[in-house]
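What follows is a single structure, written as structure tokens, with notes after it.
No experiment lies behind these values; they were computed from the predicted model shown.
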Amino acid sequence: MPNVHRPRMGSLAFSPRKRAKSQVPKYHAWPAYEGEPALQGFAGYKVGMTHVIMVDDHVKSPNEGKDIMVPVTVVEVPDMKVAAIRVYRKDTYGYHPMTEIWAENLESDLGRRINLPKNYKREEAEKKIREAIEADKIVEVIAITYTRPALLTGVPKKVPDLMETRIGGGSMAERFDFAVGMLGKDVDIRGMFQVGQYTDVTAITKGKGTQGPVKRWGVHLRKRKHSRGGKERHVGTLGPWNPHHVRWQVPMMGQMGYQQRTEYNKRLIRIGEDGADVTPEGGFLHYGEVRSRYVLIKGSLPGPCKRLVRIRHAIRQGEHKAREPVVEFVSQQSKQG
């Protein structure tokens, strides 16, 4: 009799499957960049999905040069602001923040997220950072940016989301000078990304609560006499006699969803701009008297509508080349939050 073989039920790649600590995703790696100093990420809020009619520009595609329908996700991206600058040093135990420089006259809504610094001596902190840069002790310059959901009517909150965004390119001194020039100013997505560019999109997935092994891991239901004990959706066994404990590879019930996931190489189809002929509104989503800039990203994105979405320059771009797509028509049947 041949040996019966089948792949295990469910992937262990994302284990342990526990709830995310925050709805704000965190990046532990950034793509290499050697150009002029620039921010390497942005953030927005997911609206929903729609589709566009565009010309297929993939080389050697069966539909190359023809009109095709492409599903896209709409993400609202109002201007962000730079609240502070944080520099990191490195030792044998990893990266550690050394000090920060905070902007003056921060928005009152930011005080709902954190306790704003008082009696802050910016000159001393800036002098300390420049001396550390000259001594070659700084390895990263980070901008602490925050979103402005109060400008949107589709997102029912006013508290900004605070996050770290890396500044890449140039020397450490050039990065720091660039960060000081951006401190307290608005940041527009058009200065970071181009239409047709490939990006990485990260968000917290839709939470599904506590689920059993059948839904969580995809194990088979018990059949015939094995299901007559009232345990049709239980796992068949918790493991062998040895080892004398339940291994972590055993599919069991637990948290499903609400975990950080990254979609790599998502193409940016459209950035809403002033004077664009994509929509009658001129490249904006309209909610009454409020206008919000948006982007269209090819394919689906993690998380439900209204959830925070972070966009980063592609770290695994490979042979993908940025080229502006030819979009002939944008559907207006978007699912707005």
- Over all atoms of both residues, closest heavy-atom pair of Tyr45 and Thr147: OH-OG1, 2.8 Å
- Task: Considering only Ile, Leu, Val, Met, Phe, Trp and Tyr, and joining two whenever side-chain heavy atoms are under 4.5 Å apart, list the other residues clustered with Val250.
- Result: Val235, Leu238, Val246, Met252
- Item | Derivation and outcome, side-chain contact (heavy atoms from CB on, under 4.5 Å), residues Met80 and Met163 | CA-CA 11 Å; Met80 300 179 66; Met163 65 202 71; 4.1 Å; yes
- To the nearest 0.5 angstrom, please state how far the CG atom of Leu116 sits from the CH2 atom of Trp102. 7.5 Å
- Message: Restricting to non-hydrogen atoms, name the atom on Pro156 and the atom on Lys306 that form the minimum distance, rounded to 0.1 Å.
- Response: CD-CD, 3.8 Å
- Message: Starting from Leu39, can I reach Ile315 by hopping between I/L/V/M/F/W/Y residues whose side chains sit under 4.5 Å apart?
- Response: no
- Message: Tell me if the CD atom of Gln194 is crowded by more than 12 foreign heavy atoms within 6.0 Å.
- Response: no
- Message: Using 0.5 Å steps for rounding, measure from the CG atom of Asp188 to the CD1 atom of Ile271.
- Response: 8.5 Å
- Message: How about CG on Asn115, more than 12 heavy atoms from neighbouring residues, nucleotides or ligands closer than 6.0 Å, or not?
- Response: no
- Item | salt bridge (charged side-chain N to carboxylate O under 4.0 Å, His left out) partners for Asp57, two or more places apart | Arg267, Arg323
- Point-to-point distance, once rounded to the nearest 0.5 Å, from CD of Gln260 to CZ of Phe14: 11.0 Å
- So, the side chain of Thr205 versus the backbone of Gln259: is there a donor-acceptor pair under 3.5 Å, distance only? yes
- Only counting residues at least two apart or in another chain, list the ones meeting ring pair (Phe, Tyr, Trp, His ring centres under 6.0 Å) with Tyr198. His320
- List the steps, then state whether side-chain contact (heavy atoms from CB on, under 4.5 Å) holds for Val52 with Arg270. CA-CA 10 Å; Val52 299; Arg270 173 67 64 178; over 6 Å; no
- Rounded to the nearest 0.5 Å, how far does NE2 of His234 lie from CG of Leu221? 11.5 Å
- Item | Lys/Arg N to Asp/Glu carboxylate O, Lys185 vs Asp79, below 4.0 Å | no
- Look only at the side chain of Lys46 and the backbone of Leu301, and say whether a donor-acceptor pair between them is shorter than 3.5 Å. yes
- Item | salt bridge (Lys or Arg N to Asp or Glu O under 4.0 Å) partners of residues 10-29, not counting sequence neighbours, each pair once | none
- Message: Run the salt bridge (charged side-chain N to carboxylate O under 4.0 Å, His left out) test against Glu263 and tell me which residues pass, sequence neighbours left out.
- Response: none
- Can you tell me how far the CE atom of Met54 sits from the CG atom of Asp67, to the nearest 0.5 Å? 9.5 Å
- Item | Qualifying residues under salt bridge (charged side-chain N to carboxylate O under 4.0 Å, His left out), relative to Asp91, sequence neighbours excluded | Arg89
- Main-chain N/O of Val295 paired with Arg293 side-chain donor or acceptor, under 3.5 Å: no
- Could you state whether Met49 and Ile204 fall into the same hydrophobic cluster, counting links through intermediate Ile, Leu, Val, Met, Phe, Trp or Tyr residues with side-chain heavy atoms under 4.5 angstrom apart? no
- Query: Closest approach of Thr73 and Ser300, non-hydrogen atoms and distance?
  - Reply: OG1-CA, 3.6 Å
- So which heavy atom on Asp109 is nearest to which on Ala150, and how close? OD2-CB, 3.8 Å
- Item | Cluster overlap Val24 with Ile142, hydrophobic side-chain contacts below 4.5 Å | no
- Task: Applying side chain to side chain contact (heavy atoms under 4.5 Å, CB included), name anything that partners Val219, two or more places apart in sequence or on another chain.
- Result: Met9, Pro213, Val214, Trp217, Pro251
- Task: Could you tell me which residues satisfy salt bridge (charged side-chain N to carboxylate O under 4.0 Å, His left out) with Lys157, sequence neighbours excluded, listed by chain and number?
- Result: Asp161
- Can you check whether Val74 reaches Leu296 side chain to side chain, under 4.5 Å on heavy atoms? yes
- Is it possible for you to say whether Ile167 and Tyr88 belong to one hydrophobic cluster, with membership spreading through side-chain heavy-atom contacts below 4.5 Å? no
- Query: Which distance, rounded to the nearest 0.5 Å, do you find between the CE of Met98 and the NE2 of His96?
  - Reply: 13.0 Å
- Message: Do Leu183 and Arg122 have side chains that approach each other closer than 4.5 Å (heavy atoms only, starting at C-beta)?
- Response: yes
- Tightest non-hydrogen contact, residues Leu152 and Glu76, listed as CD2-OE2, 3.5 Å
- Task: Treating Ile, Leu, Val, Met, Phe, Trp and Tyr as nodes and any side-chain heavy-atom pair under 4.5 angstrom as an edge, say whether Phe176 and Val187 lie in one connected cluster.
- Result: yes
- Message: Assess the residue pair Glu140 and Arg175 against the criterion (side-chain contact (heavy atoms from CB on, under 4.5 Å)); give the C-alpha distance rounded to whole Å, side-chain angles, the decisive distance to 0.1 Å, and a yes or no.
- Response: CA-CA 9 Å; Glu140 289 289 355; Arg175 295 184 191 181; 4.1 Å; yes
- Note on the structure: Taking every heavy atom of Arg261 against every heavy atom of Pro302, the minimum-distance pair comes out as O-CG, 4.0 Å
- Report yes if the side chains of Leu110 and Lys81 come closer than 4.5 Å at any heavy-atom pair, otherwise no. no
- Query: Leu308 versus Gln23: any side-chain heavy-atom pair under 4.5 Å?
  - Reply: no
- Okay, side chain of Asn265, backbone of Ala314: is any donor-acceptor separation there less than 3.5 Å? no
- Are any of the side-chain nitrogens in Glu126 or Arg130 under 4.0 Å away from the carboxylate oxygens of its partner? yes
- Taking only residues two or more places apart in sequence, or in another chain, which ones meet His313 in a ring pair (Phe, Tyr, Trp, His ring centres under 6.0 Å)? Phe193
- Query: Tell me the salt bridge (Lys or Arg N to Asp or Glu O under 4.0 Å) pairs involving residues 194-223, sequence neighbours left out?
  - Reply: Asp200-Arg312
- Of all pairs that satisfy side chain to side chain donor-acceptor pair (under 3.5 Å), the ones with a partner from residues 30-41, not counting sequence neighbours: Gln40-Arg166
- Item | Pairs flagged by salt bridge (Lys or Arg N to Asp or Glu O under 4.0 Å) wherever residues 225-242 is involved - sequence neighbours left out | none
- Message: Within a 6.0 Å radius of atom CG on Asp136, are there more than 12 heavy atoms belonging to other residues, nucleotides or ligands?
- Response: no
- Task: Evaluate the side-chain contact (heavy atoms from CB on, under 4.5 Å) criterion for residues Val47 and Tyr294: first the C-alpha distance (whole Å), next the side-chain angles of each, then the deciding distance (0.1 Å), finally the verdict.
- Result: CA-CA 9 Å; Val47 176; Tyr294 70 91; over 6 Å; no
- Message: Taking Leu106's backbone N and O only, do any of them form a donor-acceptor pair with Glu104's side chain (distance below 3.5 Å, no angle check)?
- Response: no
